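Here is the structure we will look at, set down as structure tokens.
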2 protein chains.
Amino acid sequence: MNLYETLLTALKTQGKRITPQREAICRLLAESDEHPTARQIYETLKAQFPSMSLATVYNTLDVLVSVGAINRLGSAGDDTVHYDADTNPHINLACIKCHRIIDLPSEHIQALQEEVARNSQYRILGGRVLYYGLCPECQREAVEGGR
Amino acid sequence: MNLYETLLTALKTQGKRITPQREAICRLLAESDEHPTARQIYETLKAQFPSMSLATVYNTLDVLVSVGAINRLGSAGDDTVHYDADTNPHINLACIKCHRIIDLPSEHIQALQEEVARNSQYRILGGRVLYYGLCPECQREAVEGGR
DNA sequence: TCCAACTTTAGAACTATTCCAAATACCACC
DNA sequence: GGTGGTATTTGGAATAGTTCTAAAGTTGGA
Ligand SMILES: [Mn+2]
Ligand SMILES: [Mn+2]
Ligand SMILES: [Zn+2]
Ligand SMILES: [Zn+2]
């Protein structure tokens, strides 16, 4: 089962109804490796659903988050929440200049997660591992701009 | 040099002035192991500085963050930014019910950080490692409440 | 097909955070 | 130890991301 189907199944399992808008949102989340904000999803889908409301995007994202199908990563320096459709343990790298977030596979992240599970009394529901800085492109621009 | 002095030094190094309000904010950040929000700091210090403004707290926190002396951890399920005065690599554990954040020392976190530095082309400025779930207390309450 | 329940929509409401300009206070320099 | 230039504080207004609301539209089980 691919990610798109996983997301839809998560909705159905919760007794939620499948609407064209929700399908589109899940497809977008599944088929891109971006970590979009609600507004970015909204802007992208507006072409396809001219009448779509931002509230619908938030609504669907909230459901997916509450089911644990996606993660809220938080801000990338832009004061808006970015969402991650990949709930497998991995490192996220945010650029505080262009506000893009990429994934970084990690050998140690699994051990980290196990450490948390073992050494805390918490019932762990999820996590966000995010480092931030300047991406190569934005570093270059910073140098060029400073000449 | 203790954490309080480190924070004040960070401000001075930036050519910032030391005010009683800033001292109090730095002392609060240094002497508690909490991960307070701007509002919590404001409420705590209001007794000591009845005329203090929320804007002052935000102002000081922003300066400290921009210098890298403290970290912005993001929300603990309460839609407000929590700050971390400890910039040494460690795991943070947030309870999404009572919105408290605690620290969890980690053996693997150092390796994770090195992994990021080595495998990415980013200029890394900081990071936040935060797992969330239910703390022991809130788990207990959840069970009792369900009876 | 039918309909109760759920979802979408548009816009208002909410609230954390930022901005602003006037009053105040720090501190480098004398 | 005083002064003055300038950064900081303050309180309130402004901003913007997110949530709420109620009317209109859909979904999917019966
Ligand atoms: Mn990711
Ligand atoms: Mn911490
Ligand atoms: Zn960038
Ligand atoms: Zn708790």
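Note that the structure is predicted; figures quoted are calculated from it, not measured. Below, chains carry the letters A, B, ... as their sequence lines are ordered, and counting in each starts from 1.
- Residue contacts for B:Pro50: at a heavy-atom cut-off of 4.0 Å it reaches no nucleic acid atom on any strand shown.
- A heavy-atom distance below 4.5 Å is found between the side chains of A:Leu130 and A:Ile101.
- The CD1 atom of A:Ile41 sits 15 Å away from the P atom of D:dG17 (whole-angstrom rounding).
- Across all strands, A:Thr56 comes closer than 4.0 Å to base atoms (heavy-atom distances).
- Between the P atom of D:dT26 and the CG atom of A:Asn59 lies a distance of 17 Å, rounded to the nearest Å.
- The phosphate of C:dT8 has OP1 or OP2 within less than 4.0 Å of a side-chain N or O from A:Thr19.
- In this structure, the CZ atom of A:Phe49 is 13 Å from the C1' atom of C:dT7, given to the nearest Å.
- Between the CD1 atom of B:Ile18 and the C1' atom of D:dT9 there is a distance of 15 Å, rounded to whole Å.
- Counting only heavy atoms from C-beta on, B:Asp62 has its side chain closest to C:dT18 among C:dT18, D:dT19, C:dT17.
- With distances taken from any side-chain atom of A:Arg39 to the nucleotides D:dG17, C:dA10, C:dA4, the minimum falls on D:dG17.
- There is a path of hydrophobic side-chain contacts, each under 4.5 Å, that joins B:Leu45 to B:Leu8.
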Steps toward side chain to side chain donor-acceptor pair (under 3.5 Å) verdict (A:Ser106, B:Glu115): CA-CA 7 Å; A:Ser106 164; B:Glu115 211 173 18; 2.6 Å; yes
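- DNA chain D is contacted by both B:Lys16 and B:Asp79; B:Lys16 maps to the nucleotide lying nearer its 5′ end (nearest heavy atom per residue).
- Phosphate contact (OP1/OP2 of C:dA5, side-chain N/O of A:Arg17, threshold under 4.0 Å): absent.
- Contact annotation: A:Gln21 does not reach the phosphate of D:dT26 (side-chain N/O to OP1 or OP2, under 4.0 Å).
- Both B:Arg72 and A:Leu54 lie close to DNA chain C; mapped to their nearest nucleotides by heavy-atom distance, the more 5′-ward contact belongs to A:Leu54.
- Regarding contacts with the backbone of C:dT9, a side-chain N or O of A:Ser51 is found under 4.0 angstrom from either OP1 or OP2.
- Ranking D:dT10, C:dT9, D:dT9 by closeness to the B:Arg22 side chain, first place goes to D:dT9.
- Within a 6.0 Å radius of CD in B:Gln121, other residues, nucleotides and ligands contribute 12 heavy atoms or fewer.
- Between B:Tyr58 atom OH and D:dA14 atom P the separation is 19 Å, expressed in whole Å.
- In this structure, B:Glu23 atom CD and D:dT8 atom C1' are separated by 14 Å, rounded to whole Å.
- Remark: the B:Ser53 side chain and the D:dG11 base include a donor-acceptor N/O pair separated by less than 3.5 Å.
- A:Tyr58 and B:Ile96 are not part of a single hydrophobic cluster, where members link through side-chain heavy atoms under 4.5 Å apart.
- Annotation: of the two residues near DNA chain C, B:Thr80 and B:Lys12, the 5′-most nearest-nucleotide partner is B:Thr80.
- Separating the CG atom of A:Leu11 from the P atom of D:dT27 is a distance of 14 Å, rounded to the nearest angstrom.
- Hydrophobic cluster membership differs between B:Val81 and B:Leu73, with clusters built from Ile, Leu, Val, Met, Phe, Trp and Tyr side chains linked at under 4.5 angstrom.
- A:Gln40 has its CD atom 13 Å from the C1' atom of D:dG17, to the nearest Å.
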